[in-house]
Amino acid sequence: MSEIELQNLSKSFGDIDAVTDVSLSVRDGELLCLLGPSGCGKSTTMRMISGLETPSSGTVYIGEADVTDQPAYDRDTSMVFQNWALFPYKTVLENVAFGLKMRGMGKQQRRDRASEMLERVHMDGYESHSPTDLSGGQKQRVALARSLAVDPDVLLLDEPLSNLDKRLREEMEIELKDIHEEFQKTFVHVTHNQDEAFTLADRIGIMNEGRLVQVGEPNEVYRDPKNKFVEEFLGDTNFVSGTVSDIDGQYGYLMTEFDSEIRVPVASETQPETSLTVSLRPEFMQIAPITDSSNRASHQTRADGNGGGGVSGTVESTIYRGSSIRHVVDIGGEQLFVEQGVTDQTAIDEGDTVELRWDVDDILVFRPDGTRVRD
Ligand code: ATP
């Protein structure tokens with residue numbers, strides 16, 4: 001069952017098309033992250049769900065009801081903002097109780113409910129504090145308690161963690177996930193941070209230039225990006241362009257910009273001479289030193305026939321990144337990034353000649369217009 005249904009939703013501000021033709025179903029009890037770069041229309045989409053913004057066209061359903069023309073205060077939604085929006089002159093308890101007062105709840109009941117909510121976000125003991133005395137993470141917990149206190153069907157979170165430092169943000173991601181599981185509400189969470197979306201989301205909706213590009217579970221959008229934009233935005237990948245020199249069934253040979261032919265999956269429509277861009281993900285490549293000096297070629301041509309692919313080059317630099325080591329490898333004047341797990345004990349140093357290998361089926365292939373090539 002869908003809790004939120006957006007049908008062909010668009011919003012323009014003068015000449016700016018902030019959101020264009022977005023259709024999306026958010027399931028009851030789901031945590032859906034809207035993810036995309038700054039200015040792609042995430043917040044405007046969210047604000048149309050909340051009623052803070054009126055669509056230029058399209059329809060918003062919450063539950064069974066068409067709420068497109070309903071004001072925000074009549075919708076069963078509650079919002080958490082990036083800047084917390086707490087009242088500085090009210091105590092923490094009064095902040096959490098505020099929405100309940102607006103809804104006509106009696107004083108003692110309000111206090112009890114607000115205390116309960118503070119306890120559930122681990123902020124009991126802070127009832128009489130001023131929000132100005134709290135850390136960013138604590139303010140965010142209070143803002144969450146305030147939004148949940150009114151028992152909304154839908155909680156809308158607009159970049160709620162982006163004012164927090166990395167460690168606190170990661171802590172709060174886990175807590176938010178726990179709170180979502182505990183409260184069983186429908187959450188729509190806006191973020192431009194891929195890691196945050198991957199940690200939190202049941203499904204991710206990826207937006208670009210006002211449009212919803214792809215919706216899917218985190219592993220689905222990561223493993224199977226719909227186009228080059230999604231691949232570029234989610235991954236941290238190497239794009240290599242080239243021209244198809246030859247087709248061999250489901251595979252073709254791409255003469256690349258680093259002057260080496262690599263084997264790539266192609267579609268039945270792919271013709272020789274076609275220009276393509278492939279994504280070689282750093283984490284899908286294996287790196288090994290070439291020790292035999294007779295093997296030292298600046299690059300190799302035509303990968304072997306067993307479905308694997310590879311090239312050789314020289315390690316330009318090596319960067320330790322904690323859980324992995326990143327090597328920058330020069331291949332015929334072009335750079336490829338390769339990720340080596342820290343548990344891989346192979347010593348690889350700057351200046352080494354190395355071979356990079358990959359499974360040809362891990363390569364994602366895109367047309368010049370960014371669409372994916374596949375059958
Ligand atoms: P960010 O992460 O930076 O907040 P976003 O993806 O949430 O970005 P929106 O805030 O929805 O994007 O903005 C989408 C586009 O609409 C942007 O070009 C923005 O400048 C424009 N925009 C948003 N609100 C208004 C407004 N009230 N008036 C005019 N333009 C607006």
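Note that the structure is a prediction, hence the values are computed from the model and not measured. Computation of the quantities below employed the complete heavy-atom set of this structure, encompassing side-chain atoms and omitting hydrogens, waters and symmetry-equivalent molecules.
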ask   = Considering all heavy atoms of both residues, which atom of Tyr251 and which atom of Val266 are nearest to each other, and what is their separation?
value =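 Between these two residues, the closest heavy atoms are C-CG2, 3.7 Å.
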message = So which atom in Ala201 and which in Cys33 form the shortest heavy-atom distance, rounded to 0.1 Å?
response = CB-SG, 3.7 Å
Partners passing salt bridge (Lys or Arg N to Asp or Glu O under 4.0 Å) against [X] (at least two apart in sequence or in another chain):
{"X": "Lys166", "result": "Glu170"}
{"X": "Arg281", "result": "Glu231"}
{"X": "Arg326", "result": "Asp236, Glu339"}

Test item: [X] and [Y] side chains (from C-beta on) under 4.5 Å apart, heavy atoms:
{"X": "Met117", "Y": "Met123", "result": "no"}
{"X": "Arg47", "Y": "Lys11", "result": "no"}
{"X": "Arg372", "Y": "Pro225", "result": "yes"}
{"X": "Met207", "Y": "Val22", "result": "yes"}
{"X": "Val244", "Y": "Gln271", "result": "no"}
{"X": "Pro55", "Y": "Met48", "result": "yes"}
{"X": "Leu6", "Y": "Val60", "result": "yes"}
{"X": "Ile331", "Y": "Val240", "result": "no"}

request  = Under the side chain to side chain contact (heavy atoms under 4.5 Å, CB included) rule, what do Leu100 and Val150 come out as? Steps first, then yes or no, please.
outcome  = CA-CA 6 Å; Leu100 303 171; Val150 297; 4.1 Å; yes
Scan side-chain atoms only and decide if [X] and [Y] contain a donor-acceptor pair under the 3.5 Å cut-off.
{"X": "Ser43", "Y": "Asp158", "value": "yes"}
{"X": "Glu5", "Y": "Ser25", "value": "yes"}
{"X": "Asn193", "Y": "Thr191", "value": "no"}
{"X": "Glu53", "Y": "Thr44", "value": "no"}

key: Residue Glu175 excluded, over 12 heavy atoms near CD under 6.0 Å   =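 Yes, CD of Glu175 has more than 12 neighbouring heavy atoms, counting only those of other groups under 6.0 Å.
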ask   = Is the number of heavy atoms from other residues, nucleotides or ligands under 6.0 Å of Glu273 CD greater than 12?
value =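 Counting neighbours around CD of Glu273, 12 or fewer heavy atoms of other residues, nucleotides or ligands fall under 6.0 Å, so no.
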request  = Go through the steps for Leu234 and Phe198 under the test side chain to side chain contact (heavy atoms under 4.5 Å, CB included), then give the verdict.
outcome  = CA-CA 10 Å; Leu234 292 185; Phe198 279 121; 4.0 Å; yes
request  = Take Gln7 and Tyr61 through the side chain to side chain contact (heavy atoms under 4.5 Å, CB included) test and state the conclusion after the steps.
outcome  = CA-CA 8 Å; Gln7 289 181 354; Tyr61 289 92; 3.6 Å; yes
message = Regarding Glu173 and Lys177, does a basic nitrogen lie under 4.0 Å from an acidic carboxylate oxygen?
response =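 Answer for the salt bridge query: no.
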request  = Could you tell me whether Asp151 and Lys185 make a salt bridge, using a distance below 4.0 angstrom between a side-chain N and a carboxylate O?
outcome  = yes
Worked check of side chain to side chain contact (heavy atoms under 4.5 Å, CB included) between Asp202 and His180 = CA-CA 11 Å; Asp202 295 320; His180 172 251; 3.7 Å; yes
Working to the nearest 0.5 angstrom, can you tell me the gap between [X] [atom1] and [Y] [atom2]?
{"X": "Thr270", "Y": "Arg374", "atom1": "OG1", "atom2": "CZ", "value": "13.0 Å"}
{"X": "Ser162", "Y": "Glu196", "atom1": "OG", "atom2": "CD", "value": "7.5 Å"}
{"X": "Asp112", "Y": "Arg110", "atom1": "CG", "atom2": "CZ", "value": "11.0 Å"}
{"X": "Leu336", "Y": "Trp358", "atom1": "CG", "atom2": "CH2", "value": "7.0 Å"}

ask   = Do we get Arg120 above Phe183's six-membered ring, with its NZ or CZ under 6.0 Å from the centre and within 45° of the axis?
value = yes
